[in-house]
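Keep in mind the model is a prediction, meaning the values are calculated, not measured.
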Amino acid sequence: MIPLISDLLNLVDTAIDKVFPDADKKEEIKSKLKLTLLEQALEEKKLIFQDLQSARELYKHELQEQGVYSWVKSLRALVRPTIALSSVSFYIGAKVYGIPLTEFDYYLIGGVFAFYFGLRTIEKRSGKA
């Protein structure tokens, strides 16, 4: 068993023995506290494992990217900005030249704006992008 966890379990035993005089209550409380400690330790180990797994996946992805030409990476990075700037240009051009926009046009342009300028920003701040 992990040294820290076993020390905590021993501490629970001695603390409960000193605090509660009733033998039946002692054993019930000890078992509940030990179960809670073990559940917390297991949850922590799961989170650490998930973190390591995410780091491994990211490293695998980076290794795959090492063989890609830099111009291919640059081209991939230009897709979203190109779409966003095209929709902004279309909207500004429509307003300047008096082209009537339908409701569908506004939904399309608004969707691009929301995705690129709104959702991407939120994803980047939360560390998901």
Practice task
With side-chain hydrogen bond (donor to acceptor under 3.5 Å, both in side chains) as the test, would you mind laying out the steps for Thr102 and Asp105 before giving the verdict?
Solution key: CA-CA 5 Å; Thr102 65; Asp105 294 332; 3.3 Å; yes
Practice task
Test side chain to side chain contact (heavy atoms under 4.5 Å, CB included) on Gln50 and Leu47 and set out the steps.
Solution key: CA-CA 5 Å; Gln50 288 173 352; Leu47 292 174; 3.7 Å; yes
Practice task
May I ask you to test the Leu37-Lys34 pair for a side-chain heavy-atom distance under 4.5 Å?
Solution key: no
Exercise for the section: Please answer: with hydrophobic residues joined when any side-chain heavy atoms are less than 4.5 Å apart, are Val96 and Val88 in the same cluster? Expected result: yes
Practice task
Kindly compute the distance separating CD (Glu43) from CG (Leu38), expressed to the nearest 0.5 Å.
Solution key: 13.0 Å
Exercise for the section: Could you tell me the separation between the CD atom of Glu57 and the CG atom of Leu52, rounded to the nearest 0.5 Å? Expected result: 12.0 Å
Problem - Minimum side-chain heavy-atom gap Tyr91-Leu101 below 4.5 Å - result: yes
Exercise for the section: Could you check Lys46, Glu39, Glu44 and say which one makes a side-chain contact (heavy atoms from CB on, under 4.5 Å) with Leu42? Expected result: Lys46
Handout entry: CD/Gln53: more than 12 non-hydrogen atoms of other groups inside 6.0 Å
Key = yes
Exercise for the section: Indicate yes or no: at least one non-hydrogen side-chain atom of Phe90 is less than 4.5 angstrom from one of Ile99. Expected result: no
Exercise for the section: Specify the closest pair of heavy atoms between Ala84 and Val112, including all atoms of both residues, with the distance to one decimal. Expected result: CA-CG1, 4.0 Å
